[in-house]
There are 2 protein chains.
Amino acid sequence: MPRITPERREAKRAEIVAAARRCFARGGFHQTSMPDIAAAAGVSAGAPYRYFASKEEIILAIAADAFRLIFEPMEQVAAAADAPSLGDLVAASLRALGAGTVTDAAGQVVPVEELLQCVVQTWSELLRNDGLHARAAEGFERVRRSIADALRRGQAAGAVPTVDPESGARVLIALLHGFLLQRVAFGLTDTAGFNDAVRGLLDGAEHPDGTGR
Amino acid sequence: MPRITPERREAKRAEIVAAARRCFARGGFHQTSMPDIAAAAGVSAGAPYRYFASKEEIILAIAADAFRLIFEPMEQVAAAADAPSLGDLVAASLRALGAGTVTDAAGQVVPVEELLQCVVQTWSELLRNDGLHARAAEGFERVRRSIADALRRGQAAGAVPTVDPESGARVLIALLHGFLLQRVAFGLTDTAGFNDAVRGLLDGAEHPDGTGR
DNA sequence: TGTCAAGGTGAACGATCATTTACGTTGAGG
DNA sequence: CCTCAACGTAAATGATCGTTCACCTTGACA
């Protein structure tokens, strides 16, 4: 006999997650206190514990969301049936990060800047949270295999140079991660310029006409 | 009238820095306590404060060292008088990270793994430590300009595709940062394979013989 | 409309942290 | 070899943290 409907409970939980994400983006996971999160969500200090067993559970929820949202665009292009070029894969990733907002698992609208800051915080957390590391590594491998498959298709179609697809996928993800870091921490605002440079360096020889940007 | 000679004082300071770096690499900046650092250095809790005014000062020293060591190899190749290819720039960066150890500003031998973990931790710290961010951004810009100049020379020599050198430099740094992250957090051990893939994707057309690896 | 399980509150708790401090110890200069 | 400023120690301090708990409050269901 719940006091509130499941829908309202889910909405409240999403509010707390959103408040926590705002706090984490600004102050980091460990400089943000639970009272900070509660205050940002407009509730008292004990309220979040009706929805999450611990602070770590909130961190896990946000980290999973952040990683998924970062990889989603590249993975969708990689999962398409045709043979994407390298430029297509990179462009898809960057276009999503160039937008102002994204929508998280609970339907909350999240500023991209906030999401990216949480991703960088999560990287640090990976190094000492084994549970988070295991989940993140699993997700990473799934994306990597998906991209490697796309590269193999691209190579068969002659649109991708003949490199080891497994390592090639890692290179593309490295570009995405590196872009993300510069956008958050090193004043990279010219997404289009970065994208053009990647295309020019990667497959400019194959696609001088700029197809797929 | 110092109780110990300046040389011994510097050596002790370097020991504390090294101990702190070991702790930070394992546990992160904010999960590592000052007593942890002191214990790892083999001194009592108050001793580090004879050498550093605060914990943040230790973090700054380690972060500056870590960033410098990461960028050094790429910057050295970029600063050379001739026109390096893209593959040269990337290969120089990765070769240093493939080695087992590096030597820090105080002459301490540091395992590469430990250094890279500190770099990732530092990225998080950048987002909320303004002083660290300013210093890191300054260093980043210096490296970026150096690489951009090298790209211009490479373009003049016909060894580098005609892309905007400023953005191109960002792409190369993104590759380095992305590689670093995967090595620390996502099980990337095949440095040579990654390097080959980058060369194959970047300037395979220009240097099919593998020159400069 | 009445009931009661669950939501929500805010003070309190025990632990831990960065930093300070009072006091012994040491070694380089005179 | 003596002296004393600086090193090193270890307990203490004050603040803050994640989490709990005793107690209202609320609203969905009967």
Side-chain angles (χ1 to χ4, degrees), chain A residues 1-24 26-63 106 121 124-125 128-129 131-132, chain B residues 1-24 26-63 106 121 124-125 128-129 131-132:
Chain A
M1 190 186 292
R3 212 200 90 195
I4 59 177
T5 67
E7 294 77 27
R8 291 192 70 85
R9 187 177 163 83
E10 282 300 311
K12 193 73 173 184
R13 186 187 146 108
E15 272 180 41
I16 294 174
V17 166
R21 187 166 41 215
R22 285 194 299 273
C23 292
F24 288 158
R26 174 178 302 271
F29 292 141
H30 300 287
Q31 271 49 46
T32 299
S33 71
M34 287 295 277
D36 286 342
I37 295 172
V43 296
S44 68
Y49 287 94
R50 298 279 179 191
Y51 297 88
F52 300 92
S54 66
K55 186 180 177 180
E56 180 171 336
E57 214 172 75
I58 302 179
I59 293 176
L60 287 176
I62 288 174
Q121 310 279 358
S124 286
E125 198 68 12
R128 81 205 115 72
N129 185 328
L132 178 59
Chain B
M1 190 187 291
R3 214 199 93 193
I4 59 178
T5 68
E7 294 77 28
R8 292 191 69 85
R9 187 178 163 82
E10 283 299 312
K12 192 76 174 185
R13 186 188 147 108
E15 272 180 42
I16 293 174
V17 166
R21 187 166 40 216
R22 285 193 298 275
C23 293
F24 289 157
R26 174 178 303 272
F29 290 141
H30 300 287
Q31 270 48 48
T32 299
S33 71
M34 288 293 277
D36 286 343
I37 295 172
V43 296
S44 68
Y49 287 94
R50 297 282 178 189
Y51 297 86
F52 300 92
S54 66
K55 186 180 178 180
E56 179 172 337
E57 214 173 75
I58 302 180
I59 293 176
L60 286 176
I62 289 175
Q121 311 278 0
S124 285
E125 198 67 12
R128 84 203 113 71
N129 185 326
L132 178 59

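In what follows, chains carry the letters A, B, and so on, assigned in the order in which the sequence lines appear, proteins first and then strands, with residues in each chain numbered from 1.
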Colleague: In whole angstrom, give the distance that lies between atom OH of A:Tyr49 and atom C1' of D:dG18.
Modeller: 4 Å

Colleague: Round to the nearest Å and state the distance from A:Arg13 atom CZ to C:dG7 atom P.
Modeller: 13 Å

Colleague: So which nucleotide from D:dG18, C:dT19, D:dG8 ends up closest to the side chain of A:Pro35?
Modeller: D:dG18

Colleague: Taking the minimum atom-to-atom distance to the side chain of A:Ala45, which one of C:dC17, D:dG8, C:dA11 wins?
Modeller: C:dA11

Colleague: If you only use heavy atoms from C-beta on, which nucleotide in C:dG7, D:dT19, C:dT19 is closest to the side chain of A:Ile4?
Modeller: C:dG7

Colleague: Going through the checks in order, is the side-chain contact (heavy atoms from CB on, under 4.5 Å) test met by B:Lys55 and B:Phe29?
Modeller: CA-CA 9 Å; B:Lys55 186 180 178 180; B:Phe29 290 141; 5.6 Å; no

Colleague: Nearest to the side chain of A:Val43 - C:dT9, C:dT19, D:dC7?
Modeller: C:dT9

Colleague: Rounded to the Å, how far apart are A:Met34 CE and C:dG8 P?
Modeller: 14 Å

Colleague: B:Ile58 has an atom CD1; how far is it from atom P of C:dA18, in whole Å?
Modeller: 10 Å

Colleague: First locate atom SG of A:Cys23, then atom CD1 of A:Ile62, and finally report the distance between them rounded to the nearest 0.5 Å.
Modeller: 9.0 Å

Colleague: Closest-nucleotide mapping onto DNA chain D: is A:Asp36 or A:Ala53 further toward the 5' terminus? I mean the 5' end.
Modeller: A:Asp36

Colleague: Which atoms form the tightest heavy-atom contact between B:Ile58 and B:Met34, and what is the distance?
Modeller: CD1-CE, 4.1 Å

Colleague: Please confirm whether the shortest side-chain N or O distance from B:Arg9 to OP1 or OP2 of D:dC7 is below 4.0 Å.
Modeller: yes

Colleague: Rounded to the nearest Å, what distance is computed from the CD1 atom of residue B:Ile16 to the C1' atom of nucleotide D:dC7?
Modeller: 11 Å

Colleague: As a test of reading the structure: which of C:dA18, D:dT9, C:dG8 is closest to the side chain of B:Arg50, going by heavy atoms?
Modeller: D:dT9

Colleague: Can you check the B:His30 NE2 to D:dG18 P distance for me, whole Å?
Modeller: 13 Å

Colleague: State whether B:Tyr51 places a side-chain N or O below 4.0 Å from either non-bridging phosphate oxygen (OP1 or OP2) of D:dG8.
Modeller: yes

Colleague: Between C:dT19, C:dG8, D:dG18, which nucleotide gets closest to the side-chain atoms of B:Lys55?
Modeller: C:dT19

Colleague: Does a side chain donor of either A:His30 or A:Gln121 reach within less than 3.5 Å of an acceptor in the other side chain?
Modeller: no

Colleague: In whole angstrom, give the distance that lies between atom CZ of B:Arg8 and atom P of C:dG27.
Modeller: 8 Å

Colleague: Output the single nucleotide from C:dA18, D:dA10, D:dG18 whose closest atom is nearest the side chain of B:Ser44.
Modeller: D:dA10

Colleague: At 4.0 Å (heavy atoms only), tell me whether B:Phe52 reaches a base, stays on the sugar-phosphate, or touches nothing.
Modeller: nothing

Colleague: Which is it for A:Lys12 and A:Val43 under the side-chain contact (heavy atoms from CB on, under 4.5 Å) test, yes or no, and what are the steps along the way?
Modeller: CA-CA 10 Å; A:Lys12 193 73 173 184; A:Val43 296; 3.8 Å; yes

